[in-house]
Number of protein chains: 2
Amino acid sequence: MNTQTPSKAIERLSRYRRVMQQLLMEKKVMYIFSHELAKASGVTAAQVRRDMMLVGYTGSPSKGYEVAGVVRCIGNYLDAPGRQTAALVGVGNLGRAILAYFLGRHANIDLVASFDTSSEKTGRVIHGCYCYDFDQLTEIITSEKIATAIISVPASAAQGVADVLIAAGIKGILNFAPVHLHAPEAVHVENVDIATLLEKVAFFSRK
Amino acid sequence: MNTQTPSKAIERLSRYRRVMQQLLMEKKVMYIFSHELAKASGVTAAQVRRDMMLVGYTGSPSKGYEVAGVVRCIGNYLDAPGRQTAALVGVGNLGRAILAYFLGRHANIDLVASFDTSSEKTGRVIHGCYCYDFDQLTEIITSEKIATAIISVPASAAQGVADVLIAAGIKGILNFAPVHLHAPEAVHVENVDIATLLEKVAFFSRK
DNA sequence: ATAACAGCGTGAATTAATTCACAGCAAAAT
DNA sequence: ATTTTGCTGTGAATTAATTCACGCTGTTAT
């Protein structure tokens, strides 16, 4: 189905980039070997090299990879040509945590709008992001040409929100609600299911 | 490495259980076919049947799976024999969101302790969970025999927290900090990297 | 009765993801 | 100069995960 773009590799590329951006900023590291990047990212050296093939970056056997060059190359591969924006729906505890998380940090994607139904939240800026009423969703998504959304509403509301987002033209959803969302093939849905992940960790905790 | 227990299957089992618990409670569904459970869980019918093999549950061709029976069987497979507890370290925005999320809900795992360094948070109950000072971590983890922990501290503090947790005997970590944690083989680390996931969704948004 | 379904369980096949292993190369050492 | 060393890039092999496909079984319809 998603032949041509290994889903896992995309995640790794994003992590490599962050690791390398940090190394570049904080330690002025200019060159790095595959096994070093691998260790810092929690993968194997062979996998790093494979992933470099994917983005078409070539290192040198003697110096390794040029950090700034790889960062740029991963950016070419991962990022949209223009500015990348996203919206968040559901400014509850989790929604605010995500807004706070993205505030300032992370220049790659901007959270440019948030939505909620509660009048206590709408009409003001929360953690650096203006909160609109949910009624305005279609209007804002369309006018701002937002293609990516985060859903952090209660499970019972999630499918309804997803339907509105999809009708408004959203093409990718990061879903934190603990339900499977029904969406057309063309819309990419990524689920983060905290309860399930905790159960998984607990399971492997006892081997 | 983790031969014998397909990691992805564990996640699906957890989701099946939640879907079925809800169907049982809200709609009094007594029996369900593999394709129905598959649709509600976002997987294929064949996969549901495979996963049932894993937990050793047998359905009937005419009625399908007995919902309550499967829930019990998945519980036997996934849950610890006794009570399952977990601790949370880092009661910031995200930590509070997770505490709120688990408050009341989800009987499978109890968040029984949280930890922070800020005196504004320690010494009181936050979203139903008592917040201890970080200094008491080893003591509480040991005395309460907690094997699973959630890390929701800033990236810069995460490895240090992980080291203390591991020294205290923690066997599994759900890590929300955007760094790779170095941990011994015996400790299962599961990462939730929100920035990376959002970049992935954005990537696939434009196909 | 018996024929026609519909769905489960599972061996076999397929596909996706990762790792192995080695040729080739550039710097450093002899 | 020539050897050694240590890394990259990548075809081939391996391993993990998913899907296919079909025998079997209980139920409904003829």
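Since the model is a prediction, treat every value here as computed from it, not as a measurement. Per chain, numbering begins at 1; letters A, B, ... match sequence-line order.
Looking at B:Gln159 and B:Asp163, their side chains do bring a donor and an acceptor atom within 3.5 Å of each other.
Nucleotide D:dT8 holds its C1' atom 14 Å from the CG atom of A:Leu37, rounded to whole Å. The distance between atom CD1 of A:Ile32 and atom C1' of D:dG6, rounded to the nearest whole Å, is 16 Å. For the pair B:Phe33 CZ and D:dT27 P, the computed distance is 11 Å after rounding to whole Å. B:Ile10 has its CD1 atom 14 Å from the C1' atom of D:dA17, to the nearest Å. When rounded to the nearest whole Å, the span between CG of A:Leu13 and P of C:dA17 equals 13 Å. Distance CD (B:Glu66) to P (C:dG7): 19 Å, rounded to an integer number of Å. Rounded to a whole Å, the CE atom of A:Met53 is 16 Å from the P atom of C:dA17. Atom pair A:Leu54:CG and D:dG11:C1' shows a separation of 17 Å (rounding to whole Å applied).
For C:dC8, the OP1/OP2 oxygens have a side-chain nitrogen or oxygen of B:Ser34 closer than 4.0 Å. Look at A:Tyr65 and you'll find a side-chain N or O under 4.0 angstrom from OP1 or OP2 of D:dG9. Note on A:Ser60: every side-chain N or O is 4.0 Å or more away from OP1 and OP2 of D:dC7.
Heavy-atom contacts from other residues, nucleotides or ligands closer than 6.0 Å to NZ of B:Lys171 number 12 or fewer.
For B:Glu190, the salt bridge (Lys or Arg N to Asp or Glu O under 4.0 Å) partners two or more places apart in sequence, or in a different chain, are A:Lys200. The side chain to side chain donor-acceptor pair (under 3.5 Å) check on B:Thr85 picks up nothing, with sequence neighbours excluded. Every residue two or more places apart in sequence or in another chain was checked for a ring pair (Phe, Tyr, Trp, His ring centres under 6.0 Å) with A:Tyr16, and none qualifies. A search for side chain to side chain donor-acceptor pair (under 3.5 Å) contacts involving B:Arg50 returns nothing, not counting sequence neighbours.
Sorted by first then second residue, the salt bridge (Lys or Arg N to Asp or Glu O under 4.0 Å) pairs that include residues 78-87 of chain A, not counting sequence neighbours, are A:Arg17-A:Asp79, A:Arg83-A:Asp110.
Across all strands, B:Tyr57 comes closer than 4.0 Å only to sugar-phosphate atoms, never to a base (heavy-atom distances).
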Report each atom pair, protein N/O against N/O of nucleotides 18-25 of chain D, whose distance is under 3.5 angstrom.
unit_1, atom_1, unit_2, atom_2, d
D:dT18, OP1, B:Arg12, NH1, 3.4
D:dT18, OP2, B:Arg12, NH1, 2.8
D:dT18, OP2, B:Arg12, NH2, 3.2
D:dT18, OP2, B:Gln47, NE2, 3.2
D:dT18, O5', B:Gln47, NE2, 3.1
D:dT19, OP2, B:Thr44, OG1, 3.2
D:dT19, O4, B:Arg50, NE, 3.1
D:dT19, O4, B:Arg50, NH2, 3.4
D:dA21, N6, B:Arg49, NH2, 3.3

